[in-house]
Amino acid sequence: MPSSPGFECLMAVRDYECDMQGIVNNAVYQHYLEHARHEFLKTADLDFAQLTAEGVIVVVARAEIDYLRPLRSGDQFIVTVSPSLSGRVRMVFDQQIRRSDSQELMVNARIITTAVNARGRPWMPPQLHRLLEAVPASVK
């Protein structure tokens with residue numbers, strides 16, 4: 001995982017995201033990661049819904065998630081997003097979830113995405129190329 005956090009998104013655990021053990025359900029972490037990626041897109045004046053309307057369908061091809069420690073109701077945390085290009089048609093988002101008070105690492109994730117065209121074939125549209133060009137060198 002990269003040492004530079006890139007984009008950061010502050011969030012908090014809501015009661016209904018916890019399971020009967022009082023910890024965040026494992027599937028909810030993917031929502032946190034996705035929300036942070038969508039917020040990152042907004043920093044480059046890209047909107048996920050607008051991209052979809054323009055025929056840029058971004059899909060997750062692979063998700064690697066290491067659950068290190070659990071979050072609990074009321075915990076505040078930071079989700080980081082560090083994007084990079086992998087090959088010609090894949091974007092990689094290295095992401096972390098850390099408690100905001102202690103900076104304790106809770107989750108390490110690598111989300112690999114691509115865009116597909118109308119025929120379902122992978123491609124890298126110009127909007128996403130511009131997104132990566134806008135990322136400061138320290139984040140890449």
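Atoms considered below: every heavy atom in the structure, side chains included; atoms not considered: hydrogens, waters and symmetry mates. The residues of the chain are indexed from 1 along the displayed sequence.
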Legend entry - Nearest-0.5 Å distance, CD1 of residue I78 to CE of residue M106: 12.5 Å
Inset, instruction - Begin from the C-alpha positions of Y16 and C18 and carry the test side chain to side chain contact (heavy atoms under 4.5 Å, CB included) through to its verdict. - result: CA-CA 5 Å; Y16 65 85; C18 298; over 6 Å; no
Inset, instruction - Check M124 against R88 and note the closest heavy-atom contact, atom names and distance. - result: CB-O, 3.4 Å
Legend entry - Criterion side chain to side chain contact (heavy atoms under 4.5 Å, CB included) on H38 and K42, from CA distance to verdict: CA-CA 7 Å; H38 286 212; K42 289 179 184 177; 5.6 Å; no
Legend entry - Backbone of I57 reached by a side-chain donor or acceptor of T52 within 3.5 Å: no
Inset, instruction - Find out whether V79 and F7 are in side-chain contact, i.e. whether some heavy atom of one side chain is under 4.5 Å from a heavy atom of the other. - result: no
Legend entry - Hydrophobic cluster membership, L68 vs I111, 4.5 Å side-chain cutoff: no
Legend entry - Whether T80 side chain and Q96 backbone form a donor-acceptor pair below 3.5 Å: yes
Legend entry - Under 3.5 Å: donor-acceptor pair, side chain of R98, backbone of Q103: yes
Inset, instruction - Considering only NZ, NE, NH1 and NH2 on the basic side and carboxylate oxygens on the acidic side, decide whether R37 and E39 come within less than 4.0 Å. - result: no
Legend entry - Within one Ile-Leu-Val-Met-Phe-Trp-Tyr cluster: L85 and L51, side-chain cutoff 4.5 Å: yes
Inset, instruction - Carefully, step by step, assess Y32 and E17 under the rule side chain to side chain donor-acceptor pair (under 3.5 Å). - result: CA-CA 11 Å; Y32 296 158; E17 296 170 327; 2.6 Å; yes
Inset, instruction - Using a strict cut-off of less than 4.0 Å between a Lys/Arg side-chain nitrogen and an Asp/Glu carboxylate oxygen, indicate whether R99 and D75 qualify as a salt bridge. - result: yes
Legend entry - Nearest-0.5 Å distance, CD of residue Q50 to CG of residue L41: 12.5 Å
Legend entry - Side chains of L128 and V58 in contact at under 4.5 Å (non-hydrogen atoms): yes
Inset, instruction - Could you give me the CA-CA distance, side-chain angles and deciding distance for V56 and W123, then say whether side chain to side chain contact (heavy atoms under 4.5 Å, CB included) is met? - result: CA-CA 9 Å; V56 178; W123 70 303; 4.3 Å; yes
Legend entry - Atom of Q127, atom of L46 and distance for their closest heavy-atom approach: O-CD1, 3.7 Å
Inset, instruction - State whether the side chain of Q95 and the backbone N or O of L33 hold a donor-acceptor pair below 3.5 Å, judged by distance alone. - result: yes
Inset, instruction - For D101, look at atom CG and say whether over 12 heavy atoms of other residues, nucleotides or ligands are found less than 6.0 Å away. - result: yes
Inset, instruction - Any chance you could measure M11, atom CE, to I97, atom CD1, to the nearest 0.5 Å? - result: 8.0 Å
Inset, instruction - Measure the shortest side-chain to side-chain distance between S73 and R14 over non-hydrogen atoms and say whether it is less than 4.5 angstrom. - result: no
Legend entry - side chain to side chain contact (heavy atoms under 4.5 Å, CB included) assessment of I65 paired with V107: CA-CA 7 Å; I65 303 172; V107 169; 3.7 Å; yes
Inset, instruction - Ignoring hydrogens and angles, tell me if any N or O in the side chain of R110 forms a donor-acceptor pair with the backbone of A63 under 3.5 Å. - result: no
Inset, instruction - Identify the heavy atoms of G6 and S82 that sit nearest to each other, and give their distance. - result: N-OG, 3.8 Å
Legend entry - Shortest non-hydrogen contact from F77 toward L10: O-CD1, 3.4 Å
Inset, instruction - Taking Y67 for its side chain and N26 for its backbone only, find out whether a donor-acceptor pair lies under 3.5 Å. - result: yes
Inset, instruction - For the pair E34 and Q30, evaluate side chain to side chain donor-acceptor pair (under 3.5 Å) and give the outcome as yes or no after the intermediate values. - result: CA-CA 6 Å; E34 184 170 21; Q30 290 196 48; over 6 Å; no
Inset, instruction - Hey, can you tell me if F40 and F93 have their rings parallel, tilted or perpendicular (30° and 60° cut-offs)? - result: perpendicular
Legend entry - M91 backbone acceptor or donor facing S86 side chain under 3.5 Å: no
Inset, instruction - Determine the minimum heavy-atom distance between P70 and I23, stating which atoms define it. - result: CB-CG2, 3.7 Å
Legend entry - Atom of T114, atom of V89 and distance for their closest heavy-atom approach: OG1-O, 2.6 Å
Inset, instruction - Give the cluster check for F48 versus V81: same hydrophobic cluster or not, with ILVMFWY residues linked at side-chain heavy-atom distances below 4.5 Å. - result: yes
